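Quick notes on the structure that follows.
All values reported here derive from a predicted model rather than from experimental measurement.
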Amino acid sequence: MTKQFLVVLLFFVFTTFSNAQNWKTNFETAKTEAKVQNKRILLVFSGSDWCGPCIKLDKNVWQSDEFKSFSDKNYVLYRADFPKKKANQLSDEIRQQNLALAEKYNQDGNYPFVLLLNSDGKVLGVLGYLNLEASEYIDRLKDLDNK
């Protein structure tokens, strides 16, 4: 019985972590990782607890298995989140970093705002909320990468 429990537990842990996304919390680390791994940076400006389109994009695209698999191979992910609810507030360090990124990349305050960057932080393309399935959104990201 204990052996079966251990096998089930290990399976659960493996599948949970293998499907988890690795959204970075430090933009400089994201840039370094992108250089080392020869990947692009997907920078997403989000209002995770108040922006309806941000929540839909997260649910329909970012959380999809298809996007997780695609992004793991192609991107370093960074979400510049701007939650409003007190319970969801970020650390002051992350909040300040996100404000600095917004000043540089999102001065108009658009949410969601999705940027494809090279490893130096140069903008290669921009998307926002599109009412698309994950596969179609991935195709749009591929188009940005091929310009």
Taking C-beta and beyond as the side chain, do [X] and [Y] meet within less than 4.5 Å on heavy atoms?
X	Y	result
Asn74	Arg40	no
Leu77	Trp62	no
Pro112	Pro53	yes
Val123	Leu116	no

Main chain of [Y], side chain of [X]: is a donor-acceptor contact present, judged purely on distance under 3.5 Å?
X	Y	result
Gln97	Phe27	yes
Asn88	Pro83	no
Glu33	Val76	no

*Please test Lys56 against Lys59 for side-chain contact (heavy atoms from CB on, under 4.5 Å), starting from the C-alpha separation and ending with a verdict.*
CA-CA 5 Å; Lys56 286 180 184 178; Lys59 180 181 175 189; 5.8 Å; no

Can you get from [X] to [Y] by hopping between Ile, Leu, Val, Met, Phe, Trp and Tyr side chains that sit under 4.5 Å apart?
X	Y	value
Leu43	Leu90	yes
Leu57	Leu42	yes
Leu117	Val114	no
Val44	Leu132	yes
Val61	Val126	no

What's the spacing between [X] [atom1] and [Y] [atom2] if we round to 0.5 Å?
X	Y	atom1	atom2	result
Ser135	Lys142	OG	NZ	9.0 Å
Thr25	Arg79	OG1	CZ	12.5 Å
Glu66	Glu133	CD	CD	9.0 Å
Lys85	Asp49	NZ	CG	5.5 Å
Asn110	Cys51	CG	SG	10.0 Å
Ser71	Leu141	OG	CG	9.5 Å

I need the minimum non-hydrogen distance between [X] and [Y], along with the two atoms involved.
X	Y	answer
Asp58	Gln63	OD2-NE2, 2.5 Å
Lys24	Tyr78	O-CD1, 3.3 Å
Gly47	Cys54	N-SG, 3.5 Å
Leu124	Asp145	CD1-OD1, 4.5 Å
Ile41	Asn118	CD1-O, 3.7 Å
Lys39	Asp72	NZ-O, 2.7 Å

_Could you go through Asn106 and Leu101, starting from their C-alpha distance and side-chain angles, then the distance that decides it, and tell me whether this counts as side-chain contact (heavy atoms from CB on, under 4.5 Å)?_
CA-CA 7 Å; Asn106 190 11; Leu101 288 169; over 6 Å; no

*asked:* Counting only heavy atoms from other residues, nucleotides and ligands, does the tally under 6.0 Å from CG of Asn38 exceed 12?
replied: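 Open.
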
*Give the C-alpha distance, both sets of side-chain angles, the deciding distance and a yes or no for side-chain contact (heavy atoms from CB on, under 4.5 Å) between Tyr137 and Asn60.*
CA-CA 10 Å; Tyr137 204 92; Asn60 296 337; over 6 Å; no

Do [X] and [Y] have their ring centres less than 6.0 Å from each other?
X	Y	result
Tyr105	Phe113	no
Trp50	Phe82	no
Tyr75	Trp23	no

